[in-house]
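Treat the numbers as computed from the prediction; the structure is a model and nothing was measured. A note on names: the letters A, B, ... follow the listed sequences, proteins ahead of strands, and every chain is numbered from 1.
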There are 2 protein chains.
Amino acid sequence: MAGHGARSRSGGRPTLEEVAARAGVGRGTVSRVINGSPRVSDATRAAVEAAVAELGYVPNTAARALAANRTDAIALVVPEPETRFFAEPYFSDMLKGVGAELSETEMQLLLIFAGSDRERQRLAQYLAAHRVDGVLLVSVHADDPLPDLLAQLEIPAVISGPRSAAETLTSVDSDNYGGARSAVEHLLSRGRTRIAHITGRLDVYGAQRRVDGYREALLDAGHEVDEHLIQPGDFTEEGGRRAMKELLARRPDVDAVFAGSDVMAAGARQVLREEGRVIPDDVALVGYDDSAIARHMDPPLTSVRQPIEEMGRSMIDLLLAEIADRRPATSRGLERRQAVLATELVMRASS
Amino acid sequence: MAGHGARSRSGGRPTLEEVAARAGVGRGTVSRVINGSPRVSDATRAAVEAAVAELGYVPNTAARALAANRTDAIALVVPEPETRFFAEPYFSDMLKGVGAELSETEMQLLLIFAGSDRERQRLAQYLAAHRVDGVLLVSVHADDPLPDLLAQLEIPAVISGPRSAAETLTSVDSDNYGGARSAVEHLLSRGRTRIAHITGRLDVYGAQRRVDGYREALLDAGHEVDEHLIQPGDFTEEGGRRAMKELLARRPDVDAVFAGSDVMAAGARQVLREEGRVIPDDVALVGYDDSAIARHMDPPLTSVRQPIEEMGRSMIDLLLAEIADRRPATSRGLERRQAVLATELVMRASS
DNA sequence: AGGTACCGTGGGAGCGCTCCCACCGGTGAT
DNA sequence: ATCACCGGTGGGAGCGCTCCCACGGTACCT
């Protein structure tokens, strides 16, 4: 079907050279047209584009990658087993945002799971080979060595959920502080005054920020912060149960609970019910994440929604910017880039 | 940290040449060692491996791809929107099998969604650029042009669920015929004699095969096939409802139903209950897929399990074989390759 | 002794692209 | 008229690898 050149190899795909010959120009000029350089006359550009169309030319990615030292691919690294990836809507939403933003570019997305040691090993090899121009890191634990590896290899990377206030990587986060504030302010506006907080794991930065938001919302409203009303949880349902029991034991007069996650709120709800407290009449309850649980709880749970899809978009924007000026923010003393996206309080019957 | 060569470029990754110099051998020899060629003496191999380790050499994928005309990557193409991908455990299981099998190789897996037209467009471009050595196709509709595109581009491909008995692509399938047989035989062994079948969409080959299995199981057991007991459905719950109503109207004495999918079985169950039939006392019910629905139905549904994870493994095996001898089965008159995996009847209270 | 066979090895010739420098002709300043 | 300049262009020199041919050496045959 296609015309064969001097000696065509596999399938005889046309090369830049052949397009150039066809268009009656030089190789460099075709390259310029393909890559959208402005330094080409309109007439020449048209001729080249015609030749490209006629020959059905498609650039050879490998050759380009070799010559230009870039891959036009980025990886979304998920340091979790596949199972969790599919189970949690978080990843699905994130992927949607990432995919949407990326579809405007020529970049290609790779999904890499690094749950097991074996997979981590592979990933390290993969990164060492510089097979991607940049990396998106989601759901990273505080002690994960991956960010450092990335920095050492000087691979541009963006992390979702900074590991600390001093995060060195470019990061995207939702406004945990503001989200917590809005939850507490909402409870205050409903006339609640003895508002407890069940925190997430405090080695997770976002959980800390939620505590900060809780504290300052109370202080700014002229209330004191009663440390007995702050009870550490661990993001699990069982943790929520334990925390709620403890709170009830210490402060039986509690009239509202702000839980650091919907799952913990579910645990708290069980205990409240067991103790005969009616939600929201006796105790108002607010969660965090606005997950499916929140909608299906009885009563439906007021919760703080994070704009996960937008976080995905934002991560891509930042990563592409970083790739564009080939200097990972970590390797030079550049200003740190970061984005913080607003949350939204979704009100339901529990408060 | 690493020693820099003459003039190191970006990060100064060592090249084959540098490894060769270090090991005191030629470039070709290092290449042979890296690629596991047997035509290297043990002493030389050891020396090269030492040099590789010392320098932390990692092959440059782009250069290799360009020179060898292969990418060491394959794509899993999902012609569905992301949403469905995450919603259905089918994909998750498939991916697990694929990932497991692939982790034994150097191959890299790409996940490509082609739900929207825009995404299809991108995919076509992607394939035309031969950016993967092979393609895994899952959940393909009968009229999808993708298989033909693949054949035309001479890209090795394996499809899960052949489109017809005359499928030209290498395929992997579960034993729909045998699965249906086992369901019917099971019902017969329970003393049921008026067994109905609610079929899937009959333009899906697998659904046809299930009908075949239903028919022949009855015939082989010495029963006649009553066409009034075969009612077409469409894989949806509503379709299952409609089919069940129709069946009940035509043959009120039906004592068992074999549905072509769990979802349709769920629809049938609703109707049976509405009509006051007790499962399994009055009517026994068997589904297909052994999905989550089956386990959670009331009563729990007997269903035919497909070995999806193994299908994933099998697809990889076949694809790698096809890539290995660079001849897509479609472009030459080679014997068709295909694998058919056994199903398993999972018995529960509904039958 | 010469021939033939191989094995292990070195290195040239590309793969198809980007990058960059040199070059061309037309302008405007001197 | 001379020169510097600049937009537009051609093509050489690689990028780091694989492929393959040629080569020296050893072993075995005649």
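Going from atom NE2 of H130(A) over to atom C1' of dG16(D) covers 15 Å, rounded to whole Å. When rounded to the nearest whole Å, the span between CD of E17(A) and C1' of dG14(D) equals 15 Å. Per the geometry, CG belonging to D42(B) stands 15 Å off P belonging to dC7(C), to the nearest Å. Summarising the geometry, the separation between CZ on R13(B) and P on dC15(D) is reported as 14 Å, rounded to the nearest angstrom. Going from atom CD of E18(B) over to atom C1' of dC15(D) covers 13 Å, rounded to whole Å. Distance L66(A) CG to dA13(D) C1': 13 Å, rounded to the nearest Å. Atom CD1 in I34(B) sits roughly 14 Å away from atom P in dC19(D) (whole-Å rounding).
A donor-acceptor pair shorter than 3.5 Å cannot be found between the side chains of S92(A) and E82(B). Between the side chains of E322(A) and T170(A), at least one donor N or O lies within less than 3.5 Å of an accepting N or O. Between the side chains of Y126(A) and Q108(B), a donor-acceptor pair is found at a separation under 3.5 Å.
Nearest-nucleotide assignment on DNA chain D puts the 5′-proximal partner with A43(A), out of A43(A) and P14(B). Between A63(B) and V25(B), it is V25(B) whose nearest contact on DNA chain C lies nearer the 5' terminus.
Taking 4.0 angstrom as the limit, N35(B) places a side-chain polar atom (N or O) nearer than this to OP1 or OP2 of dT18(D). For the OP1/OP2 pair of dC15(D) and a distance below 4.0 Å, the side-chain nitrogens and oxygens of N60(B) include no atom meeting the criterion. Residue T29(B) has no polar side-chain atom (N or O) positioned under 4.0 Å from OP1 or OP2 of dT9(C). Side-chain nitrogen and oxygen atoms of S31(B) include at least one within less than 4.0 Å of the OP1 or OP2 phosphate oxygen of dT18(D).
The rotation axes computed at either terminus of the helix from dA1(C)-dT30(D) to dT30(C)-dA1(D) lie 50° apart, taking five pairs at each end and rounding to 10 degrees.
Checked by distance alone, R27(A) brings a side-chain donor or acceptor within 3.5 Å of a matching partner on the base of dG12(D).
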Checking ring-ring contact (aromatic ring centres under 6.0 Å, His included) for the pair F91(A)/F86(A): CA distance, chi angles, key distance, verdict?
CA-CA 7 Å; F91(A) 294 111; F86(A) 281 97; 9.7 Å; no

Result block: side-chain N/O donor-acceptor pairs under 3.5 angstrom for residues 111-120 of chain B, not counting sequence neighbours:
unit_1: S116(B); atom_1: OG; unit_2: E119(B); atom_2: N; d: 3.1
unit_1: S116(B); atom_1: OG; unit_2: E119(B); atom_2: OE1; d: 3.4
unit_1: R118(B); atom_1: NH2; unit_2: S103(A); atom_2: O; d: 3.0
unit_1: E119(B); atom_1: OE1; unit_2: G115(B); atom_2: N; d: 2.9
unit_1: E119(B); atom_1: OE1; unit_2: S116(B); atom_2: N; d: 3.0
unit_1: R120(B); atom_1: NH1; unit_2: D144(B); atom_2: OD2; d: 3.4
unit_1: R120(B); atom_1: NH2; unit_2: D144(B); atom_2: OD1; d: 2.8
unit_1: R120(B); atom_1: NH2; unit_2: D144(B); atom_2: OD2; d: 3.2

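Among the atoms of the strands shown, only primed sugar atoms or phosphate atoms (P, OP1, OP2) are found under 4.0 Å from some heavy atom of R64(A).
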Please produce a list of atom pairs where a protein N or O lies less than 3.5 Å from an N or O of nucleotides 5-8 of chain D.
unit_1: dG7(D); atom_1: OP2; unit_2: R39(A); atom_2: NH2; d: 3.3

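Closest to the Y57(A) side chain, of the nucleotides dT18(C), dC17(C), dG16(D), is dC17(C).
How far CD of E49(A) is from CD1 of I34(A): 8.5 Å, rounded to the nearest 0.5 Å.
Of the candidates V132(B), L95(B), V135(B), L102(B), L76(B) forms a side-chain contact (heavy atoms from CB on, under 4.5 Å) with just one, namely L95(B).
Residues V58(B) and H130(A) are not in side-chain contact: their nearest non-hydrogen atoms beyond the backbone lie 4.5 Å or more apart. For the pair T168(B) and R163(B), the minimum side-chain heavy-atom distance is below 4.5 Å. Considering only heavy atoms from C-beta on, V158(B) stays 4.5 Å or farther from L169(B) through its side chain.
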